[in-house]
Novice: 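One structure, pasted below without further comment.
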Amino acid sequence: MAVERTLSIIKPDATARDITGKINAKFEGVGLRVVAQKRIRLTLAQAQAFYEVHAERSFYDELCEYMASGPVVVQVLEGEDAISHHREVMGATNPAAAAEDTIRKEFGVTVQENSVHGSDSPETAAREIGFFFSQVEIVG
Ligand code: ADP
Ligand code: MG
């Protein structure tokens with residue numbers, strides 16, 4: 001295992017319900033440190049650029065509109081095996097299929113409004129962290 005960094009987003013359905021603190025408590029409770037964090041409102045163009053890998057998927061337009069529909073909290077999380085560990089704590093994409101004790105099981109609403117995003121590989125994490133943060137904003 002190695003110490004990694006991953007990009008996390010607390011999505012609009014979660015910021016609307018004021019549960020960003022509860023979600024951060026889940027991360028910190030399993031050893032994922034918040035080493036960068038900011039609350040922003042994505043433009044539609046920014047959401048489209050962030051999710052460009054999904055441009056061919058049927059849900060792409062709806063997903064981008066949703067991600068631009070309200071504030072999000074973007075974060076860098078750091079820890080042992082952070083990328084897979086974070087995805088484990090988030091749970092399956094569809095909250096209905098997510099395991100007990102996962103964030104999506106506890107807080108997710110629908111397959112789209114599933115409260116959190118997490119990078120899925122080291123390459124994706126590097127791209128996604130660089131999309132939102134400069135080096136000086138990340139303090140380990
Ligand atoms: P994950 O976020 O678990 O990595 P994906 O990368 O496959 O999942 O999808 C990105 C996001 O797109 C999901 O988190 C969810 O918000 C949305 N999404 C995925 N599948 C669907 C779907 N079938 N219908 C609507 N939205 C979806
Ligand atoms: Mg994904």
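Remember, predicted model here, so these are calculated numbers, not experimental data. Atoms within each ligand, like the ligands themselves, are counted from 1 in listed order.
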Novice: Determine yes or no for a side-chain-to-main-chain donor-acceptor pair under 3.5 angstrom, with R17 supplying the side chain and D13 the backbone.
Specialist: yes
Novice: Under 3.5 Å, is there a donor on one side chain and an acceptor on the other for Q75 and N24?
Specialist: yes
Novice: Any salt bridge linking D101 with K105? Criterion: basic side-chain nitrogen under 4.0 Å from a carboxylate oxygen.
Specialist: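 Looking at K105 together with D101, the answer is no, because their closest N to O distance does not fall below 4.0 Å.
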Novice: Mind checking whether E137 and K38 have side chains closer than 4.5 Å, heavy atoms only?
Specialist: yes
Novice: Distance under 4.0 Å to a non-hydrogen atom of R87: what atoms of ligand 1 satisfy this?
Specialist: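 Those atoms are 1 (P), 3 (O), 4 (O).
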Novice: NE2/H117 to CZ/R87 distance, rounded to the nearest 0.5 angstrom?
Specialist: 7.5 Å
Novice: Going by heavy-atom distance to atom 20 (N) of ligand 1, choose the closest among F59, Y60, Y66.
Specialist: F59
Novice: Does the distance from a Lys or Arg side-chain N to an Asp or Glu carboxylate O, for E106 and K22, drop under 4.0 Å?
Specialist: no
Novice: Give the single entry among E62, R104, K11, M67 that approaches atom 2 (O) of ligand 1 most closely by any heavy atom.
Specialist: R104
Novice: So between N114, V111, T110, whose heavy atom ends up nearest atom 24 (N) of ligand 1?
Specialist: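 That would be V111.
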Novice: Between R57, Q112, E113, H54, flag the one that comes closest to atom 16 (O) of ligand 1 by a heavy atom.
Specialist: Q112
Novice: Quick one: does D120 get a heavy atom under 4.0 Å from ligand 1?
Specialist: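 No, that is not the case, since the closest heavy atom of the residue is not under 4.0 Å from the ligand.
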Novice: Which protein heavy atom lies closest to atom 8 (O) of ligand 1, and at what distance to 0.1 Å?
Specialist: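 Here the closest protein heavy atom is T93 OG1, 3.3 Å.
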